[in-house]
Structure formats: C-alpha cells, structure tokens
Protein chains: 2
Amino acid sequence: MVTIKDIAERAGVSRSTVSRVLNHSGYVSEDARKRVEKVIEETGYVPSEYAKSLRTKKTKVIGVILPTIQTETPSRIVTGLGRELSKHGYQILLANTDHDKEKEMEYLDLLKVRQVDGMVLIATNTEPELLQKMKKMDIPIVMIGQEAEDIVHVTYDDYHVARDLTRYFINKGHKKIAFIGVDETDRAVGYLRKKGYYDEMAAHGFPVEEEWIQQGIFDIDSGYEAMEKIMTRSQVLPTATFAVTDRLAIGAMSYLKKHGVKVPTDMAIAGIGASEISQYVDPPLMTVDYQNEKAGEEAAKQILAHINSKVFQKKIVLDYRLIERNSV
Amino acid sequence: MVTIKDIAERAGVSRSTVSRVLNHSGYVSEDARKRVEKVIEETGYVPSEYAKSLRTKKTKVIGVILPTIQTETPSRIVTGLGRELSKHGYQILLANTDHDKEKEMEYLDLLKVRQVDGMVLIATNTEPELLQKMKKMDIPIVMIGQEAEDIVHVTYDDYHVARDLTRYFINKGHKKIAFIGVDETDRAVGYLRKKGYYDEMAAHGFPVEEEWIQQGIFDIDSGYEAMEKIMTRSQVLPTATFAVTDRLAIGAMSYLKKHGVKVPTDMAIAGIGASEISQYVDPPLMTVDYQNEKAGEEAAKQILAHINSKVFQKKIVLDYRLIERNSV
DNA sequence: CTGTTAGCGCATTCAA
DNA sequence: TTGAATGCGCTAACAG
C-alpha cells in the first residue's frame, strides 16, 4: 500500500508538504506542488480515510437508521439524503432494523462506535426510552417522520393533512366516512392522522360508527382485510374511506373491486403517500404528496449545519399537496 | 473522549490488557478482566473503530453501489445483503448512482478510498471500462445482476426465464406474441431476455413482426407508451405481450384498460420481478419471482468468504419461479 | 499472565 | 516556504 511517506520520498519532500498539497492548506511552492502531484498521479495514491479520521475526528459518514428499505417512503427519503450528503463528500452508513424496535436502539450504539459524524433516524415510534437514548447521544442526530421535544426533527403535518383530506370528502357530500389507520405507537401515522380525521368529523357534527374505524399494518393485505371488516360489520355502510397510506387504500380497493362495490360511486377512497402505483390503479387513487425526497434533503442540511456548528432549525414541518384523482 | 488509555489507568492495568479483554484474545486473569470490565461499564467506553481499522486494515464495511434504491429489485437485494452482513458485524456503505454511469466509476474509487473491505455492485450494464476497472480493484468485489468473465457475480438465468415465459404463452395457444424490452446495454434485462424470447419464437417457427418489439425504460409510463405503439402500429395485432419487468407490464395493462382491450382474453400479458403490486392489479399479473433477497444474501456470503480467504464461487446463478396468474 | 514497545497513516504544531 | 516532531487510539509482537 502506498502511503504519504512513499509520496514524500519519491517527490523529495517531507510528509508535511505532501499533506499540505493534499489539503490545499498552508504554503507550498509551485515547484514542490508540481512534483508531489506528479508522483501522486503516477502512483495512484489515495490518502487513507481512516488514518485521516483518527487525526481529524471526522469520518464524513452519516448513519441512517430505517425500519425497511422496501417501501417508497423510506427509500425516497434515503435518496434525498444521499443526494444532499454526497454533494458535501459525506456517505451513508445504512442500518436496517427490519421493523425491530430493539435493533433501533442497538444501531444507535453501533453507529456511535462507528464514529459517524451524525445520524438520521427514520422513525416509526416515539417510545420514551428511544427518545431518551437519542438525547443522550453526543452526536448530531435528526429524526424524520415523528415529532419530539428536544430532538431535531423533520416532519409532515400529519394532523392537518388528515383534516384536509377528511374535509375534502365532506365537501364532496360525504357524511359517513370510514377510516383505516395503523397502530398509534406510530404517533405521526397512527395517532395524528386519526385525530385529524376525528376532529374534522366532529367539527361538522358527523357521528362516527365504531365499525368504521379499522386498523392495518403497513401492507396491502391488511388494507384488504380492514375494508372487509368495514363492509361486513358496519350497521350503516360508509360512503367514503380514508386510508392512512396508499398501500392500505389499494388493499381496500382490491376488496371493493372483488365484491362489486364501485369506486367512487358506491365508495370514495383516498390514501396518503403519492406512491408511484397510485395513479395506475383503477380508478386512479386520490392521495397526498409528502415530498419525501425533500424531507431527506432537509434532514441532510440540518445535520450538516449541526456538524459544522452553524445554525440549524430544531423543527421543520414540510408542505404537502393533495392530489385529486377519480377515486373520490 | 474516553480512550483505552483511560480505561487502563482507572483499572490499574496496561493498555494491552484492556485490549485483550476487549478482543477476547490472549490470557487475562479473572481478576484483571473483572476490573477492566467494571471500568468499561462505568465509563461507557467504546473502542474507536477507525483507530482499530488503522491497525488491523479491516473496516468491517462493505460498499454497495446501486442505480437507485427506489425500485423493488435493488431494495430487496440490499435487504438481503444487510441481513447477511449484519450477522457478521459488517455494515453497508451506500453509494447511489441515480442511474448515472459515470458515478458508477467514481464510486468504485470513492469506496476504495473509504477502505471498505469489499464491494457489491448492483449492475445495470457491462461496459468494458467498468469491467476493466473492477478487475483492477484489489478489493473483493461481487457483481449482482449481470454476468462477466473474471468477475465474481450473482445472476439470474435471464435467458431461460425469457424462453420459459414465452413458451408458457405458446402453450396457452398464443402465436402472435409482442415484446416490451429495455435498452440492450443492460445485457441481462435488455439483451438476454430479448434473445430468449426470439429464440423460443424461432424454435416454434413463429414469425415476429417488427412492430411487436418495443422498448421502454424502467418505469410504468414507458410500458404504457410501448403498448400504445404495439396496438396502433402493428399490421397484425398480437394476442399476448411479454414485458421484461412488472412495471412495464403494468403500464401496458393500463393502456389496454383505457382502450377497452380485455386482459387476458384479447391480450394476455406477463412481466418479471414479482413486484408486490403485481398481485393487486386487475387481473393479477403473471410474473416471475427472482428471489432478490436471496441474491443479496448469496452475494454477501461470497464476499465474506473472499475477505476471509475462504473458497468462494466465481459464479452463482439463482433459481426462479414462474407465478401463474390470471393475466395470461 | 502482563507490561513495554513500536507503529499503522495522517494532520498539525513549532522552528527554522 | 519547509521539515521535524508529535500524537490521534489502537493492536500485536516480544520480553518478562
């Protein structure tokens, strides 16, 4: 392996001088620089990143903890993160928890051991121990998708999205609106979206039947099952359904299609997430664009600002956009 | 920052002894070990991974270069890679080229600078310069998805998949079969799948009309457009269409639905990839399962074997499985 | 069983 | 403008 010492010798200068031309720091004569650059060119020398890290205490690596990479939201976020980080010479060290909450905590430690300069957590829950642990980290950290006191975070306005979407149904004349949600330990997706729905219904004085409220997990099948429950158990059938993710909505539509329920005439339906497929289902699914890539970019900017001791925002709430389509 | 030196002092031993208990190497008295462990516990000390790397020349990091993380194939592969690698204490350093071939080359260098122990390339092309560069790398490297001499790779049997699928159509009575492919610089997806199709058609003596052969990119829209061309330009309309990816197939189905062409009665259709959505489109799309996660796991195993100087296979071809559904 | 010593590759004083 | 010296935190002989 060729090191800075070899370059120095072959160029007839000291290691310090090589270091200087490498880092464009300090004074180096035109002559010496030329010689060093020539030798570097010839040898194909590349400085050792970890030796550098040992000195500078910087790794130029950001750890990213996520629940899965197989759904569109996190993968879009990672794309945004990567795009912004690579502009500044940072790389992403991936930590996939596979929806295992224990691993979330483990990876926090592991990434610290790896001496990452910062961490981004794509969060699915806000359990106290997790937040506690994050606060104790002496590494810049940004959470995406969930809100929390004292932790820098980038979120969506889940509550108002839910109110807006519910109101959209109502403006279209619907009064009996069902809801397919997820577990409330996911505060953003599970709790806030449900609360927005309830509050908007209440604001209009519309009652909500217990059977209209169903819960799934983050896949298509559970959307199917949720809709099945809604259709088979409700005393009064709803005329619209608000699903908190596109996949749930698509599963629900799948049930409706199978049982001859027409969308949107018999049942209007909308999701959230602007998944690619949403515009190709039949009818095209109304949804909400959350700008996930931008979330990733924003998180990257904040963490870089933090690392470089610049001012950063503790809380960023991103815009959203309803995408009106024929399913409503 | 607390270092090995601090631990040594507080435990009243030498740094070597601390190192020994850390690495479970050499002999350490029960007494000394206890004291050291206690101090580590108290201080929350974690060894610096990069200082360790500087000594051992191992980083326990595998670089992964991929064209995008937003489609199911690469994200499943990464999931498989991550699962296997994490078992052995390795992490993934992500390098997303965003379909930019130049970045593919750049990242090869960058990851080397990062001193990764190995690299995995999820390949979309086999351009000579790229292969050349990979061969010159003195780091273990595995390519996934494309075949190449002298480079360790994990691939699918794209040629026979295409023949099987084409034969499946033929066995169902189809003779006029259209084909939606992609650019042939992608040898596996573009060239081999097309060749399999042509060869199988030829084997049965079925002519292929020029207009039946259309090309898209890796998205749904281009599948729509390709089908539009097939339906509007063909002298003789085909009765079946083989699309090389599910997304192309779904785009094609979207066109057919819009123009009242019934699937599968007027037009049978199949894709490749076993995307999650394939079973929820109407009718469910026939496709081929490629076991992407397993590909990731296999690649991980090979690269770990390589790193640890164990025997590894230079070439792995994975199994596939036709998933029969109502679109054919 | 344990401590001493050396050095991995680099950036950064400090003198010259 | 340059070089010598130092040390980042760790592991690995080696000698005891």
Side-chain angles (χ1 to χ4, degrees), chain A residues 1-40 43-61 89 110-117 138-139, chain B residues 1-40 43-61 89 110-117 138-139:
Chain A
M1 180 183 192
V2 35
T3 73
I4 199 172
K5 195 176 153 218
D6 303 322
I7 305 299
E9 283 170 3
R10 293 183 56 152
V13 298
S14 73
R15 295 177 319 195
S16 332
T17 302
V18 177
S19 178
R20 284 189 195 100
V21 347
L22 247 26
N23 298 294
H24 308 284
S25 63
Y27 297 102
V28 177
S29 66
E30 207 37 42
D31 184 47
R33 153 167 290 117
K34 282 271 163 58
R35 288 211 308 284
V36 170
E37 281 170 349
K38 185 156 171 289
V39 176
I40 288 177
T43 55
Y45 162 76
V46 285
S48 158
E49 204 64 28
Y50 50 67
K52 198 187 291 187
S53 294
L54 185 59
R55 278 294 323 219
T56 61
K57 304 292 169 205
K58 301 236 173 253
T59 55
K60 291 262 187 175
V61 171
L110 180 63
L111 290 176
K112 183 172 176 185
V113 172
R114 292 282 188 179
Q115 329 285 148
V116 296
D117 290 346
D138 46 355
I139 297 178
Chain B
M1 181 184 191
V2 34
T3 73
I4 200 173
K5 196 176 153 216
D6 304 322
I7 305 299
E9 284 169 2
R10 293 183 55 154
V13 296
S14 74
R15 295 177 323 202
S16 335
T17 302
V18 177
S19 177
R20 284 189 196 99
V21 347
L22 247 26
N23 299 293
H24 308 284
S25 63
Y27 297 102
V28 178
S29 66
E30 208 37 42
D31 183 48
R33 152 167 292 116
K34 284 269 164 58
R35 288 212 310 282
V36 169
E37 281 170 349
K38 184 156 172 290
V39 175
I40 288 177
T43 54
Y45 163 77
V46 284
S48 159
E49 203 65 28
Y50 49 69
K52 196 187 292 187
S53 293
L54 185 59
R55 278 295 321 223
T56 61
K57 304 292 171 204
K58 301 238 173 254
T59 54
K60 290 259 183 176
V61 171
L110 180 64
L111 291 176
K112 183 173 176 182
V113 173
R114 291 284 189 178
Q115 329 285 148
V116 296
D117 290 345
D138 46 355
I139 298 178

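Since the model is a prediction, treat every value here as computed from it, not as a measurement.
- Rounded to a whole Å, the CZ atom of R55(A) is 15 Å from the C1' atom of dC10(D).
- Reading DNA chain C from its 5' end, the first and the last nucleotide to sit under 4.0 Å from a heavy atom of chain B are dC1(C) to dG9(C).
- Here the P atom of nucleotide dT11(D) and the OH atom of Y50(B) are 14 Å apart, to the nearest Å.
- The interatomic distance linking L54(B) (CG) with dG7(D) (P) rounds to 17 Å, in whole Å.
- Out of dC8(D), dT11(D), dT2(D), the shortest distance to the side chain of A32(A) is found at dT2(D).
- Counting any heavy atom pair closer than 4.0 Å across all strands shown, V18(A) reaches no nucleic acid atom.
- Put simply, NZ on K58(B) is 16 Å from C1' on dA12(D), counting in whole angstrom units.
- Taking NZ of K38(A) as the start and CZ of R10(A) as the end, the distance is 9.0 Å to the nearest 0.5 Å.
- We find that CZ of R15(A) is positioned 12 Å from P of dT6(D), with the value rounded to whole Å.
- Pairs engaging residues 43-55 of chain A under the side chain to side chain donor-acceptor pair (under 3.5 Å) rule: none recorded [sequence neighbours left out].
- In this structure, K57(A) reaches the dG9(D) phosphate: one of its side-chain N or O atoms is under 4.0 Å from OP1 or OP2.
- Going from atom CE of M1(A) over to atom CG of D6(A) covers 9.5 Å, rounded to the nearest 0.5 Å.
- The interatomic distance linking K60(B) (NZ) with dT11(D) (P) rounds to 13 Å, in whole Å.
- Using a 4.0 Å heavy-atom distance criterion, S19(A) is classed as a base contact.
- Atom-to-atom distance recorded for L54(B):CG and Q115(B):CD is 9.5 Å, nearest 0.5 angstrom.
- For the side-chain contact (heavy atoms from CB on, under 4.5 Å) test with I7(B), the passing option among V13(B), V36(B), L22(B), T17(B) is V36(B); the others fail.
- In this structure, CZ of R20(A) is placed 11 Å from P of dA4(D), rounded to the nearest angstrom.
- Across all strands shown, S16(A) has heavy atoms under 4.0 Å from base atoms, whether or not it also approaches the sugar-phosphate.
- Side chain of R15(B) to main chain of K5(B): no donor-acceptor pair is present (N/O by atom type, distance under 3.5 Å, no hydrogens or angles).
- Comparing atom distances between the Y27(A) side chain and each of dT2(D), dC14(D), dG9(D) picks out dT2(D) as nearest.
- Heavy-atom neighbours of K34(B) NZ from other residues, nucleotides or ligands within 6.0 Å: at or below the threshold of 12.
- Following rounding to the nearest Å, K5(A) (NZ) and dA4(D) (P) show an atom-to-atom distance of 13 Å.
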